[in-house]
Amino acid sequence: MAADTPVRVRFAPSPTGRLHIGGLRTALYNYLFARKHEGDFVLRIEDTDQARYVPGAEEDIREALSWVGLDYDEGPAQGGNYAPYRQSERTAHYRENAEKLIDAGRAYYAFDTEEELQEMREKHGAYDISTRGQMRNSLTLPDAEVERLLEAGTEYVVRLKVPREETVRFDDVIRGGVSFDTSEIDDQVLLKSDGMPTYHLANIVDDHLMDISHVIRGEEWLSSTPKHVLMYDALGWTPPTFAHLPLILSPEGGKLSKRDANRLGIPVYVTDYREAGYEPEALLNFLALLGWSPGTEEELFALDEMVKAFSLDRVGASGVQFDLDKLRWVNEHYVRDLSVDELAEKARPFVEAEGYKVGDDRLRTICELVQDRIQVVPEVATDNRYFYEDPDAYEEAGVEKRWNEESADLLLAYTERLEEVDNFDTDTVETELRDLADEKGVGAGAIIHPSRLAVSGRSYGPGVFGLLAAVGKDACIRRMHRAVEVLG
RNA sequence: GCCGCGUUCGUCUAGCCUGGUCUAGGACGCCGGCCUUUCACGCCGGUAACACGGGUUCGAAUCCCGUACGCGGUACCA
């Protein structure tokens with residue numbers, strides 16, 4: 001690729017399921033690179049496997065990208081100068097180029113049945129330069145026979161004719177020079193018997209036709225890249241610049257499999273993060289840091305700041321383990337940056353999903369109280385249930401530490417005062433408590449702690465006075481009486 | 001098995017290309033302190049790593065080779 005070629009990159013997922021977290025990261029890095037270089041970011045749907053096609057998957061992918069705010073310049077829904085952007089709608093291009101390869105002697109027809117292939121693999125291992133001579137294809141069959149088979153409508157595939165004993169080299173932005181010996185490369189199927197191309201053919205044809213300048217994809221593609229390079233060469237095309245991203249691994253090492261992730265509580269699909277209430281900006285921020293480093297000590301980046309700081313040569317080459325704690329830490333900062341109104345609005349659905357009913361004003365009050373002590377929005381409800389319902393138990397360690405013989409009497413005395421209060425707000429509640437403490441000659445803590453325990457069931461949380469006010473007069477008095485009964 | 005890629009604190013990483021300034025820096029986590037009559041936030045401090053073995057060199061985390069380990073690929077899946 002010439003240095004002055006405009007940057008065009010693509011995210012090319014296959015619609016075989018919901019968008020995976022690793023896929024989102026690939027999309028993000030492509031996006032960052034494109035925006036950084038004022039280039040184009042293209043969404044291309046690689047739906048060439050009819051057996052694995054999942055209806056609705058493309059919509060899920062588009063919605064996921066839209067939720068996190070990764071906008072693309074061209075794609076199946078909005079079109080663009082290189083339309084269409086679904087490979088199933090571009091089959092003529094693949095066929096045409098497969099034929100070009102055949103004419104150039106760089107690919108061939110193969111008629112082997114599945115059984116024949118299986119038998120060959122058991123005996124020889126691979127379909128390559130060393131075995132293709134024993135198979136039924138346009139290299140071994142007389143021309144007339146090939147012609148006859150084709151005309152008779154016999155099922156066939158087109159395979160890449162990998163040259164003998166050559167070294168294929170290419171540069172990878174992230175890894176430097178990479179080389180493979182052609183003896184290691186199979187005669188890859190390019191066109192399947194159903195007429196659809198395989199990934200390998202489709203991706204190079206489209207990347208070329210769509211003027212893609214940089215191919216930024218997962219490391220799982222590294223070992224098929226030499227096949228692609230061979231095809232670019234055979235077609236007389238200049239290959240794009242390659243950048244193979246390190247894979248995201250499970251916190252225990254190994255691949256981030258669905259099962260492991262579930263066991264460790266790690267969401268795998270983008271929709272799972274959405275449902276778990278993560279901030280999309282935080283997810284992107286976290287993902288950017290998973291494999292890339294700005295080289296400075298900054299960790300928190302808005303998307304446009306990431307664009308400015310991004311560079312492919314600061315992407316690491318080794319696999320990275322997913323760290324949920326770090327994600328939660330990043331998310332926490334984004335939650336804190338929300339206004340109280342925004343937080344309340346975001347929290348509402350999660351609060352309701354827990355079956356709690358709460359008015360707007362009160363929800364805002366609660367949010368104000370908990371905002372800097374939660375990491376993820378749903379915790380407004382799940383980590384602070386006492387705002388919505390009476391506690392059904394008292395934290396053992398808290399009782400041990402904070403509840404003593406005089407607690408019940410003090411609490412009762414406090415409730416009597418609270419009964420008389422008309423304006424049950426933070427200040428009043430505090431004044432009443434401090435006055436009572438003075439009167440009784442005890443420290444405020446002697447009432448504060450039992451009050452918190454009684455009202456929230458816990459020994460920690462927001463400031464007690466704000467807490468009491470938010471819970472409300474009737475509930476506070478009810479809960480205090482109850483605590484005295486239960487704890488003595 | 002074979003091929004490819006990788007290997008700095010538990011984790012994400014800076015440093016490596018352009019050897020000395022690295023008694024290896026930051027962040028998450030964890031631990032401790034301050035603040036707060038709670039908890040958290042915040043602030044301060046601590047914990048902890050150059051996979052191993054050979055070379056090259058006056059000098060290696062940095063360059064070279066080997067081993068081990070990890071990951072990926074090895075499909076008419078992407």
Side-chain angles (χ1 to χ4, degrees), chain A residues 12-17 23 46-49 51-52 87 110 112-114 117 121 125-128 155-159 172 174-176 178-181 183-186 188-200 202-203 217-226 244 246-249 251 253-255 286 289-300 313-314 316-330 332 336 369-375 398 401-402 433-434 437 443-449 451-453 456 458-465 467:
Chain A
S14 135
T16 51
E46 311 232 324
D47 54 348
T48 54
D49 187 345
R52 291 212 305 157
Q87 294 189 323
D112 314 289
T113 63
E114 214 157 300
L117 285 172
R121 278 217 174 76
Y127 198 126
D128 60 15
E155 281 208 343
Y156 68 90
V157 299
V158 173
R159 282 181 184 272
D172 183 283
I174 293 167
R175 281 146 228 283
V178 180
S179 65
F180 287 81
D181 195 292
S183 62
E184 298 299 333
I185 304 171
D186 285 5
Q188 186 61 238
V189 169
L190 267 23
L191 215 54
K192 300 185 266 193
S193 56
D194 65 1
M196 287 295 243
T198 57
Y199 170 86
H200 304 92
N203 118 86
R217 76 228 304 188
E219 193 186 349
E220 71 267 30
W221 296 110
L222 190 61
S223 39
S224 35
T225 305
H244 288 93
L247 264 19
I248 296 180
L249 309 175
K255 239 179 120 173
F286 167 73
L289 258 17
L290 207 59
W292 167 78
S293 157
T296 65
E297 287 177 0
E298 261 182 289
E299 303 250 27
L300 269 8
D313 43 49
R314 295 203 65 88
S318 45
V320 289
Q321 292 184 207
F322 191 97
D323 182 357
L324 196 61
D325 281 332
K326 184 77 179 250
L327 200 215
R328 290 173 57 79
W329 175 79
V330 173
E332 169 187 313
R336 242 169 252 165
L369 255 16
V370 303
Q371 184 161 22
D372 62 1
R373 51 196 88 219
I374 58 173
Q375 292 193 293
K401 192 172 170 197
R402 304 296 192 186
L433 189 143
R434 293 196 187 280
I447 312 173
I448 286 179
H449 299 300
S451 296
R452 170 191 298 286
L453 221 35
S456 74
R458 304 194 316 201
S459 64
Y460 58 94
V464 233
F465 306 116
L467 169 67

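Basis for what follows: all heavy atoms, side chains included, without hydrogens, waters or symmetry-related copies. Letters A, B, ... mirror the listed sequences (proteins, then strands); counts begin at 1. What you see is a predicted model; the values in this text were computed from it and never measured.
Counting only heavy atoms from C-beta outward, the side chains of A:P462 and A:V370 approach each other to under 4.5 Å. Annotation: side chain of A:E219 is in contact with side chain of A:R175 (closest heavy-atom distance under 4.5 Å). Residues A:P197 and A:L190 form no side-chain contact, since every pair of their non-hydrogen atoms from C-beta on lies 4.5 Å or further apart. Contact of the A:W329 side chain with the A:L300 side chain is registered, since non-hydrogen atoms from C-beta on lie closer than 4.5 Å. Under the 4.5 Å side-chain criterion, counting only non-hydrogen atoms from C-beta, A:D128 is not in contact with A:S183. Between A:E299 and A:L289 the shortest side-chain heavy-atom distance falls below 4.5 Å. Looking at A:D49 and A:K192, their side chains come closer than 4.5 Å, going by heavy atoms from C-beta outward. You'll find the side chain of A:R314 stays beyond 4.5 Å of the side chain of A:P294, heavy atoms only.
In this structure, the CG atom of A:L433 is 13 Å from the P atom of B:U37, given to the nearest Å. In this structure, A:Y127 places its OH atom 21 Å from C1' of B:G73, rounding to the nearest Å. Rounded to a whole Å, the CD atom of A:E46 is 12 Å from the C1' atom of B:C77. The distance from atom CD of A:E114 to atom C1' of B:A75 is 10 Å, rounded to the nearest whole Å. Atoms CD1 (A:I174) and C1' (B:C71) sit 15 Å apart, rounded to a whole Å. The CD atom of A:Q188 sits 9 Å away from the P atom of B:C77 (whole-angstrom rounding). Straight-line distance from the CE atom of A:M196 to the P atom of B:C76: 16 Å, rounded to whole Å. Rounded to an integer number of Å, the gap from CZ of A:R328 to C1' of B:A27 is 17 Å.
When the C1' atom is compared between B:G55 and B:G59, the two are found 15 Å apart, to the nearest whole Å. Atom C1' of B:U21 sits at a distance of 15 Å from the matching atom of B:A14, rounded to the whole Å. Distance noted for atom C1' between B:C43 and B:U36: 13 Å (whole Å). Taking atom P on both B:A24 and B:G46, the two are 13 Å apart, rounded to the nearest angstrom. Separating the C1' atom of B:A60 from that of B:G54 is a span of 14 Å, rounded to the nearest Å. When the P atom is compared between B:C28 and B:G4, the two are found 40 Å apart, to the nearest whole Å. Nucleotides B:C71 and B:G33, compared at atom P, are 40 Å apart to the nearest Å. B:G53 sits 31 Å from B:U74 when the C1' atoms are compared, rounded to a whole Å.
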What N/O pairs connect the protein and nucleotides 47-51 of chain B at under 3.5 Å? Give each pair on its own line.
none

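Phosphate proximity of B:A75 to A:K192: absent, as no side-chain N or O sits under 4.0 Å from OP1 or OP2. Dashed line: the shortest gap from a side-chain N or O of A:R336 to OP1 or OP2 of B:G42 is under 4.0 Å. Of the side-chain N and O atoms in A:R458, none sit less than 4.0 angstrom from OP1 or OP2 of B:U38.
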With side-chain hydrogen bond (donor to acceptor under 3.5 Å, both in side chains) as the test, would you mind laying out the steps for A:T225 and A:R217 before giving the verdict?
CA-CA 11 Å; A:T225 305; A:R217 76 228 304 188; 3.2 Å; yes

Stepwise, does the side chain to side chain contact (heavy atoms under 4.5 Å, CB included) test hold for A:Q188 with A:Y199?
CA-CA 10 Å; A:Q188 186 61 238; A:Y199 170 86; over 6 Å; no

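Using a 4.0 Å heavy-atom cutoff across all strands shown, A:R52 reaches at least one base atom of the nucleic acid. Heavy atoms of A:T296 sit nowhere under 4.0 angstrom from any nucleic acid atom. Here A:A317 lies in heavy-atom contact (under 4.0 Å) with sugar-phosphate atoms only. Nucleic acid contact class of A:D186 (heavy atoms, under 4.0 Å, all strands): sugar-phosphate only. Across all strands shown, A:Y199 has heavy atoms under 4.0 Å from base atoms, whether or not it also approaches the sugar-phosphate. Counting non-hydrogen atoms under 4.0 angstrom, A:D313 reaches nothing in the nucleic acid. Counting any heavy atom pair closer than 4.0 Å across all strands shown, A:S183 reaches no nucleic acid atom.
Look at B:A51: its Watson-Crick or wobble partner, with both distances under 3.5 angstrom, is B:U67. Nucleotide B:G42 has B:C34 as its partner under the Watson-Crick or G-U criteria, with both atom distances under 3.5 Å. Pair assignment for B:U62 gives none, since no Watson-Crick or G-U wobble pairing has each distance under 3.5 Å. A 3.5 Å limit on both hydrogen-bonding distances identifies no Watson-Crick or G-U partner for B:A14. In a base pair of the Watson-Crick type (N1 to N3 plus N6-O4 or O6-N4) or a G-U wobble (N1-O2 and O6-N3), with each distance short of 3.5 Å, B:G19 is matched with no nucleotide. Using Watson-Crick or G-U wobble geometry with both donor-acceptor distances under 3.5 Å, B:A78 finds no partner in any strand shown. A 3.5 Å limit on both hydrogen-bonding distances identifies B:G73 as the Watson-Crick or G-U partner of B:C2.
At a cut-off of 3.5 angstrom, counting only N and O atoms as typed in the model, there is no donor on one side facing an acceptor on the other between the side-chain of A:T198 and the base of B:C76. For B:U37, the base has no donor-acceptor partner in the side chain of A:R452 [N/O atoms by modelled type, under 3.5 angstrom].
Which of B:C5, B:C76, B:G25 sits closest to the side chain of A:E297 comes down to B:G25. In this structure, of B:C28, B:C5, B:C76, it is B:C28 that holds the atom nearest to the side chain of A:W329. Checking B:U38, B:C71, B:C28 against every side-chain atom of A:L249, the shortest atom distance belongs to B:C71. Of the candidates B:C76, B:U38, B:A78, the closest approach to any side-chain atom of A:R402 belongs to B:U38. Which of B:A78, B:U38, B:G72 sits closest to the side chain of A:H200 comes down to B:A78. Closest to the side chain of A:D372, out of B:A40, B:C2, B:C76, is B:A40. The side chain of A:L247 has B:G72 as its nearest neighbour among B:C76, B:G72, B:G4.
Residue A:I174 comes nearest to A:D172 through the heavy atom pair N-OD1, 2.8 Å, listed as atom of the first residue, atom of the second, then distance.
Between the side chains of A:T198 and A:R159, not a single donor N or O lies within less than 3.5 Å of an accepting N or O.
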For nucleotides 10-19 of chain B, read 5' to 3', which letter fits each nucleotide if B means a protein heavy atom sits under 4.0 Å from the base, S means only the sugar-phosphate is that close, and - means neither?
-BSSSS----

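Ionic pairing of A:R336 and A:E332 is present here: one or more N-O contacts between side-chain nitrogen and carboxylate oxygen are shorter than 4.0 angstrom.
Mapped onto RNA chain B by nearest heavy atom, A:E184 and A:P462 fall at different nucleotides, with A:E184 at the one closer to the 5' end. When each of A:S224 and A:E220 is assigned the nucleotide of RNA chain B bearing its nearest heavy atom, the one mapping closer to the 5' terminus is A:E220.
By the 30° and 60° cut-offs, the orientation of the rings of A:F286 relative to A:F322 is perpendicular.
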